[in-house]
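Below you'll find the structure, written out as structure tokens, and then a few comments.
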Amino acid sequence: MHRAEQHERVPAKHYPDVKAIVHTVLHEWRVKLKWLLEPSAGDFAFALRSSLAAILALLIAMWMELGSPQWAPLSVWVVAQSSRGESMSKARWRIAGTMVGCCFGVGLIGFFPQETILFFAALAIWIGLCCGFATFFQGYRAYGLVLTGFTSAIVATGAIAEPDHAFDVAIARGTYIILGVICEATLALVFMPSLRSNARKNLKEKLDTAMVVTSAQVSDFLSGHTTIKKQAETLTTLVNANARVEFDALEMGPHTRAADHARAALSVMLIMLARARGLFFLAQKDKSFAPGAFSTLFESDRKKAMSQIEASLLSGRKDNFHFRLLTRRHSKEAIENGIRAAAGIIGAWLVWEITAWPAGPAFISFVALCYGLIATRDNPILASAPFFRGAVWCAAVAWLYVFLVIPRITSPELLVFALLLPMTIGGLAARHASTAGYAFSFNMFLVVLMGPSNTERYDEQSFLNGALAFLLAILFVGWTYRTILPFQIDSRMRRISAWRAQCLKNLAQINNHVNAEDWLSDSAESLVRTLRNAQTVPDALKLVYMQDQLKVMNLGMSIIALRTAQQDEFLPQRIRRGLQLFLRRWEKKGPVVLEYNRLIIASAARQLARTQQPEIRHRLEQVDASFKTMLAEYKSL
């Protein structure tokens with residue numbers, strides 16, 4: 001009996017619930033592969049449209065009996081974008097860059113036909129210049145410039161074995177590009193009807209969303225309930241909208257100033273945020289100050305923004321409105337990009353020179369191509385890692401097709417069905433944020449590695465040499481980005497902070513023509529770009545950086561207002577001389593002059609109290625508000 005009781009007291013063993021574990025694992029994979037298993041209609045339409053366009057370009061290139069038809073699908077995937085306006089913009093700059101690059105590539109062969117060292121030195125300098133100057137541009141203008149560089153490399157290295165046929169190589173390269181662009185544009189017109197009406201609708205949604213977000217942030221400022229994180233999110237929304245209005249305007253057709261009106265509306269929203277932030281700090285320093293009293297001013301700004309939004313939707317041929325914003329990039333970034341690309345090309349040539357690798361010219365071409373695709377990224381190191389992983393998948397799928405699928409294909413129809421599956425999967429991956437980096441290289445180079453042709457197919461040696469050159473080129477480019485002047489976000493943040501502080505001083509110069517719209521737009525864009533790449537920076541440091549940059553942004557707006565007031569002939573001469581003295585001291589010392597220039601500030605306040613004329617009083621109120629805002633921001637530094 002005693003033994004029986006002991007046996008009953010032994011605790012039962014708990015075995016893992018296998019079904020629950022399997023269910024959890026399957027659920028996690030289903031979430032990860034949702035982009036593939038449950039794609040949206042828009043994602044599937046993009047993937048199918050781009051895949052069919054790439055296959056069509058390949059078939060036409062083969063029908064034309066071009067020497068390397070596999071390069072035509074690459075052009076389709078390069079210009080294929082979710083927005084038709086993006087595709088049109090990228091295609092335009094791609095064609096322009098290709099034409100210039102082809103001409104320069106032929107020129108290199110002509111100038112240095114037997115001088116290897118001079119040839120590659122000139123090629124390296126040229127690609128370095130293209131990548132360096134591309135840093136100063138935004139969007140697809142930068143892409144067009146780097147495309148000029150790597151197209152020159154592809155044409156020049158492709159003609160090394162046969163320099164007498166350099167012109168033929170250039171013509172073929174241009175034909176592939178134009179063919180790919182035309183096929184992508186044709187399929188886009190079929191898949192995307194009612195382009196102009198949809199573009200107008202998309203532009204309105206972007207601007208309305210930006211207006212709602214801005215109004216909410218202004219209300220938070222005036223009520224005293226806001227955070228740095230929410231301010232950064234609002235700025236990100238405005239900067240992203242500003243970057244994309246150009247594409248919607250392109251879709252709306254020619255002879256329209258929609259993009260100018262949209263940028264003007266977004267600049268008014270930035271001014272609203274800057275004003276609200278200044279009132280927020282004034283209320284914090286002076287409890288008797290009531291920000292709500294300025295609600296009519298913000299209502300006036302809101303109406304101005306809404307009128308520009310409406311004008312962007314109705315803009316037509318007779319609209320002559322112009323609005324341009326200045327965008328600045330750091331010269332140090334450009335120099336680093338140029339040196340890195342030039343050194344990489346020289347290094348790739350040395351690899352070929354030392355090893356005598358038969359695939360050496362292809363390796364150099366791939367290196368130049370990778371520099372062109374990655375050089376304009378804000379953080380090339382972050383971009384190179386998923387780019388290489390996608391390339392590995394690309395090489396694996398290409399190997400499967402080269403050795404198992406393509407040898408069994410006997411007609412173009414079968415080739416279409418064979419390529420449609422991996423291309424559609426790649427197109428779906430391109431629409432998902434977590435897989436877009438992989439799809440970037442997979443889509444562009446899949447057919448290039450397969451090398452389909454009318455009369456022959458890749459043998460084992462040719463494929464392995466080409467795939468190895470491709471993968472090693474990406475590793476080589478990633479290595480150079482990590483070793484030659486490596487990108488470091490913390491040093492970049494310090495450099496930008498010092499640069500913004502100097503720009504803040506320079507705003508006080510009488511001959512400085514930067515207006516409030518330029519200053520706010522440039523400040524917001526610089527802040528968003530930096531935060532987008534600050535993934536490895538602790539949140540506490542990012543918040544401090546955001547706070548400092550937002551303060552500099554608001555101080556700059558006040559300095560611009562004082563600089564404008566100093567040139568206002570309606571103001572009393574005594575106030576104008578005081579403002580001139582203050583601005584000169586600010587140009588030399590910066591915000592610290594607020595400590596020992598209280599007499600000038602107090603003089604403006606006393607003049608305001610004595611003035612009865614409404615027009616002059618209104619101008620003095622703006623001067624007084626600017627000084628008070630600056631003092632509030634300075635005390636919070």
Side-chain angles (χ1 to χ4, degrees), residues 260 264 267-268 270-272 274-279 282 289 293-294 296-301 303-305 307-308 320-326 502-523 552-634:
D260 295 278
S267 70
V268 174
L270 282 171
I271 291 175
M272 290 172 64
R275 284 176 176 167
R277 178 181 164 83
L279 295 176
L282 285 176
F289 183 78
F294 293 84
T296 55
L297 176 62
F298 288 105
E299 181 62 23
S300 174
D301 287 337
K303 290 180 179 178
K304 188 185 300 183
S307 67
Q308 290 291 352
N320 296 318
F321 180 77
H322 289 274
F323 187 86
R324 290 288 183 270
L325 292 172
L326 300 177
Q502 183 59 47
C503 290
L504 182 61
K505 291 181 181 180
N506 294 340
L507 285 177
Q509 298 174 355
I510 301 301
N511 58 351
N512 191 304
H513 300 295
V514 176
N515 56 34
E517 291 83 0
D518 289 332
W519 173 255
L520 293 174
S521 177
D522 188 31
S523 301
V552 169
M553 185 187 304
N554 217 29
L555 287 171
M557 186 176 173
S558 297
I559 286 295
I560 291 172
L562 294 179
R563 189 188 69 204
T564 304
Q566 194 276 329
Q567 300 172 350
D568 190 348
E569 296 180 355
F570 284 92
L571 287 177
Q573 193 65 28
R574 179 180 177 185
I575 297 297
R576 293 181 61 189
R577 284 198 300 267
L579 289 176
Q580 185 179 23
L581 177 62
F582 177 83
L583 291 173
R584 286 178 179 175
R585 292 176 178 175
W586 180 280
E587 183 182 348
K588 295 179 181 179
K589 301 290 186 178
V592 73
V593 301
L594 292 167
E595 286 284 357
Y596 55 86
N597 278 265
R598 300 297 179 88
L599 290 177
I600 296 176
I601 300 172
S603 174
R606 288 194 300 270
Q607 186 71 37
L608 173 62
R610 291 196 299 265
T611 302
Q612 300 298 325
Q613 299 179 23
E615 186 65 28
I616 297 179
R617 184 174 180 82
H618 174 68
R619 287 175 165 82
L620 287 174
E621 284 176 350
Q622 292 179 333
V623 172
D624 186 59
S626 297
F627 275 128
K628 288 180 178 178
T629 301
M630 293 169 67
L631 284 170
E633 288 280 10
Y634 178 72

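Keep in mind it's a predicted model, so treat the numbers as computed, not measured. Computation of the quantities below employed the complete heavy-atom set of this structure, encompassing side-chain atoms and omitting hydrogens, waters and symmetry-equivalent molecules.
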Beyond-backbone contact of Leu620 with Phe570, side-chain heavy atoms, under 4.5 angstrom = no

With rounding to the nearest 0.5 Å, note down the distance linking OG1 in Thr629 to CG in Asp624.
-> 9.0 Å

Please list, chain by chain and in numerical order, all residues satisfying side-chain contact (heavy atoms from CB on, under 4.5 Å) with Lys304, sequence neighbours excluded.
-> Val268, Asp301

Closest non-hydrogen atom pair between Glu517 and Ile271, with its separation | OE2-CD1, 3.7 Å

Please report the shortest heavy-atom distance between Leu571 and Ala565, naming the atom on each side.
-> CD1-O, 3.2 Å

Would you mind listing every side-chain hydrogen bond (donor to acceptor under 3.5 Å, both in side chains) that reaches into residues 564-573, with sequence neighbours excluded?
-> Asp568-Arg619

Results of side-chain contact (heavy atoms from CB on, under 4.5 Å) for Ala508 - residues two or more places apart only | Ile559, Leu583, Trp586, Glu587

Leu562 side, atom CG; Phe627 side, atom CZ - distance, nearest 0.5 Å = 5.0 Å

Validation row: Leu270, Ser521 side chains within 4.5 angstrom (heavy atoms) = yes

dist Met553:CE -> Leu504:CG (nearest 0.5 Å) comes out at 11.5 Å

So which heavy atom on Trp519 is nearest to which on Cys503, and how close?
-> CZ3-CB, 3.9 Å

In Å and rounded to the nearest 0.5 Å, what is the CG to CG distance from Asn512 to Leu507?
-> 5.5 Å

To the nearest 0.5 Å, atom CD1 of Ile575 lies from atom CZ of Phe582 at 13.0 Å

Heavy atoms, side chains only, cut-off 4.5 Å: are Lys628 and Leu631 in contact?
-> no

Across all chains, not counting sequence neighbours, the side-chain contact (heavy atoms from CB on, under 4.5 Å) partners of Lys505 are Gln502

Residues that Ala516 engages under side-chain contact (heavy atoms from CB on, under 4.5 Å), provided they are two or more places apart = none

How many angstroms lie between atom CG of Asn515 and atom CZ of Arg563, to the nearest 0.5 angstrom?
-> 8.0 Å

Of all residues at least two apart in sequence or in a different chain, which pass the side chain to side chain donor-acceptor pair (under 3.5 Å) check with Ser626?
-> none

